[in-house]
Amino acid sequence: MVAGNVGHLRQSREARLGRGFFATDAETLARALLGTHLIRVMEDGSTIRVRINETEAYNGVEDRASHAFGGRRTARTEPMYGRGGTSYVYFTYGMHHCFNVVAGGVDEPAAVLIRGGEVIEGLGAALANRGWTREKHAAVPAGLADGPAKLCRTLAIDRSLNAIDLTRDPTLRLERGDRGWHDEVSVISTPRIGVDYAGEWAARPLRFVARRM
DNA sequence: ATGACGATTTACT
DNA sequence: GTAAATCGTCATA
């Protein structure tokens, strides 16, 4: 097989999500990210794969729950103004990190908060990141990554991974999920969690959860 | 310089 | 059900 064909095959089989996937509005991206895989490659080479099953959409300027509400542009929110596919990791409550995927294009602040997922590969490394052991927890522990901060801890995501290009970075990437997975779940939408301060926007159904049927 | 608060989690009454 | 933990960020001065 010649090199040119290898490249073509690789491209057709490429699982990693490219720029175009993220070039849309936050709500569309939030739905599209359900079932995709978030893959973390640790410094020691161990790999953890999580299937995303809960997301929230944050629109930019108009969305009162968004960090970019009113066009607020600070050192913290800067990644939201970047290209779609950029990461936005922020620190909150003095102890937790949350991971977002930036949607849309440059200077269009919008992002999707990854609120939860299921570890489907690298359970040992995932448990280690949480300080859990197989002895003290079930073999396939629920509750490992069912929350935005828990997911970050499970994948060892902190601000060193802020503002990276998720379409290129070697340590954190997104891949399309398995065909068929969507046939096994139903997606519900609810108001977003923890944004009661956001007035009219607090009630909008911008949280998406995929549950097995 | 200061104060209020948070896109959360965990433990406890 | 309620509360504590814990500190970076942002608005105000």
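In what follows, chains are A, B, ... by sequence order, proteins preceding strands, each numbered from 1. Computed from heavy atoms alone, side chains included, the values below leave out hydrogens, waters and symmetry copies.
Atom CZ of A:Arg207 is separated from atom P of B:dT8 by 10 Å (rounded to the nearest Å). Between the CZ atom of A:Arg64 and the C1' atom of B:dA7 there is a distance of 15 Å, rounded to whole Å. Between A:Arg192 atom CZ and B:dA7 atom P there is a gap of 11 Å when expressed in whole angstrom units. Whole-Å rounding puts the A:Met95 CE to B:dT8 C1' distance at 8 Å.
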* Structure fact -> Read 5' to 3' with Watson-Crick or G-U pairs under 3.5 Å, [ ] for crossing pairs and | for partners on another strand, DNA chain B gives ||||||.|||||.
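By the 4.0 Å N-to-carboxylate-O rule, A:Asp165 lies too far from A:Arg173 to be salt-bridged with it.
Dashed line: the shortest gap from a side-chain N or O of A:Arg115 to OP1 or OP2 of B:dT8 is under 4.0 Å. Between A:Arg130 and B:dT10, a side-chain N or O to OP1/OP2 separation shorter than 4.0 Å is present.
Looking at heavy-atom distances under 4.0 Å, A:Ala149 makes contact with sugar-phosphate atoms alone, never a base. At the heavy-atom level, A:Arg76 lies under 4.0 Å from the strands shown only through sugar-phosphate atoms. Using a 4.0 Å heavy-atom cutoff across all strands shown, A:Leu113 reaches at least one base atom of the nucleic acid.
Only one option out of A:Lys150, A:Arg49, A:Arg51 pairs with A:Glu118 in a salt bridge (Lys or Arg N to Asp or Glu O under 4.0 Å); it is A:Arg51.
Between B:dC5 and C:dA3, the distance separating the two P atoms is 16 Å to the nearest Å.
In this view, A:Ala149 and A:His96 satisfy the side chain to side chain contact (heavy atoms under 4.5 Å, CB included) rule, not counting sequence neighbours. Under the rule for a ring pair (Phe, Tyr, Trp, His ring centres under 6.0 Å), the partners of A:Trp132 that lie at least two apart in sequence or sit in another chain are A:His137. The side chain to side chain contact (heavy atoms under 4.5 Å, CB included) test applied to A:Phe21 returns A:Leu17, A:Leu29, A:Ala32, A:Leu33, A:Thr36, not counting sequence neighbours.
Looking only at distances, a side-chain donor or acceptor of A:Asn100 sits under 3.5 Å from a matching main-chain atom of A:Tyr88.
Here the closest non-hydrogen pair linking A:Cys98 and A:Pro148 is SG-CB, 3.9 Å.
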* To do: Could you walk me through whether A:Thr190 and A:Arg207 pass side-chain hydrogen bond (donor to acceptor under 3.5 Å, both in side chains), step by step?
  => CA-CA 5 Å; A:Thr190 80; A:Arg207 171 175 177 247; 3.1 Å; yes
* Going through the checks in order, is the salt bridge (charged side-chain N to carboxylate O under 4.0 Å, His left out) test met by A:Arg16 and A:Glu175? -> CA-CA 4 Å; A:Arg16 187 165 191 163; A:Glu175 293 186 359; over 6 Å; no
At a cut-off of 3.5 Å, list every protein nitrogen or oxygen paired with a nitrogen or oxygen from nucleotides 2-6 of chain B, distance to 0.1 Å.
unit_1 : atom_1 : unit_2  : atom_2 : d
B:dG6  : N2     : A:Tyr93 : N      : 3.3

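Annotation: cation-pi pair A:Arg192/A:Tyr58 present, NZ/CZ under 6.0 Å from the ring centroid and within 45° of its normal. Stacking of A:Arg159 on the aromatic ring of A:Phe91 is recorded, both the 6.0 Å distance cut-off and the 45° axial limit being met.
Where DNA chain C meets chain A (any atom under 4.0 Å from a heavy atom), the bounding nucleotides read 5' to 3' are C:dA5 to C:dA11.
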